[in-house]
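Remarks on the structure that follows.
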Amino acid sequence: REIHKFIEEREEKFTFSDIGGYEELKNILTIRIIKPLFNPSIFQKFRKRIGGGILFYGPPGCGKTFFARALAGECNLPFLAVNISDILDPYFGQSEKNLKEIFEYARFHKPCVLFFDEVDTFGYSRVKQRQESFRVLTDELLLQMDGFKSENEGILIIGATNTPWDLDMALLRQGRFDRLIFVPPPDLEARREIFRVKLMGRPVDGEINYDLLAQRTSFFSGADIENVVETAAEAIIDEILSGGKERGITTGDLLKAIEKVKPSTIEW
Ligand code: ATP
């Protein structure tokens, strides 16, 4: 398989079980996305449309990319990820060409999940000149999504954005990113499970008080919690390297690390 310079392909398999919490969202995705994908005939019979794109929106670091990857894993499909800002090219017409090539690559490698991060990138700009070039690029995206419907069959197109309000409304119409799915900040239960997932495979000492950790991390994103666990692990490694005795992570270490990490979903 050739490598495409704008597409990151993840080989390592990833599923819903790697995501802590979010049981309701996992159910919704199973019913709305995975089941239709595996049972197209029954959906066709009832004239329920499949196809088009899905848009994940929500605060940063709360698992939009993670959910897209896990969807690919659950469906046993390769995951092709593109960051929209990477394909922007000041050379006239080149950004559109890049986008067209990405779709051609995905059509060649389908069935697959084609994931666009930061789809809001070209939705909006105060700079007049950029507005025009973003509009042309948006038109190309619409053409690739809308104009090649049957060729795109077998490609699950997923977009992600932190700022859905910056999107060009044309992108949200039927046949485009017409299914919006909110990926919220983790609730208490999800925070507890994210701690569990992130501590898996690391040495711990004593019982970890997951309830307490979850209570102390309101407004923390999944990425923030990952950061907390990393911070705690680093502190212990430093301690051991400077002559301390070897030990595992404790609830106390994690509470200390929580004080050092700032929650990032407060202002969303
Ligand atoms: P951005 O908007 O910044 O692109 P995002 O919503 O796409 O963020 P991800 O990249 O999916 O966020 O998540 C960031 C990191 O946070 C992931 O690498 C993952 O380790 C961790 N993470 C987020 N949510 C969860 C979760 N529910 N379970 C386990 N890990 C999580």
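Heavy atoms only: backbone and side chains are in, while hydrogens, waters and symmetry mates are out. Just so you know, residue 1 is the first one in the sequence shown, and it goes up from there. Both ligands and their constituent atoms are indexed starting at 1 by order of listing.
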Residues Glu193, Arg196; criterion salt bridge (Lys or Arg N to Asp or Glu O under 4.0 Å); working and verdict: CA-CA 5 Å; Glu193 292 310 312; Arg196 234 186 268 280; 3.4 Å; yes
Backbone of Ser95 reached by a side-chain donor or acceptor of Asp89 within 3.5 Å: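 Absent.
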Asn98 CG to Ile84 CD1 distance, which is reported to the nearest 0.5 Å: 10.5 Å
Protein heavy-atom partner closest to [atom] - residue, atom, separation in Å:
{"atom": "atom 13 (O) of ligand 1", "result": "Gly63 N, 3.8 Å"}
{"atom": "atom 8 (O) of ligand 1", "result": "Gly61 N, 2.8 Å"}
{"atom": "atom 7 (O) of ligand 1", "result": "Thr65 OG1, 2.6 Å"}
{"atom": "atom 28 (N) of ligand 1", "result": "Gly20 N, 3.0 Å"}

Leu254 and Leu199, any side-chain heavy atoms less than 4.5 Å apart: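 Result yes, sub-4.5 Å side-chain heavy-atom pair found.
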Close side-chain approach of Asp117 and Lys64, heavy atoms under 4.5 Å: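 Asp117 vs Lys64: side chains apart.
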Asp117 and ligand 1 - part of the residue with a heavy-atom distance under 4.0 Å: side chain
Contact partition for Cys62 relative to ligand 1, non-hydrogen atoms under 4.0 Å: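 Backbone only.
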Min heavy-atom dist Glu193 to ligand 1 below 4.0 Å: no
Asp18 heavy atom under 4.0 Å from ligand 1: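 Asp18: in contact with ligand 1 (<4.0 Å).
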Cluster check Phe148, Ile155: I/L/V/M/F/W/Y, side chain < 4.5 angstrom: no
Whether Phe67 and Tyr22 hold their rings parallel, tilted or perpendicular, with breakpoints at 30° and 60°: perpendicular
Check: Asn162 N/O within less than 3.5 Å of ligand 1 N/O: yes
Nitrogen or oxygen of Pro60 less than 3.5 angstrom from that of ligand 1: no
Heavy-atom nearest option to atom 21 (C) of ligand 1, drawn from Arg191, Glu230, Glu226: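 Minimum heavy-atom distance to atom 21 (C) of ligand 1 goes to Glu226.
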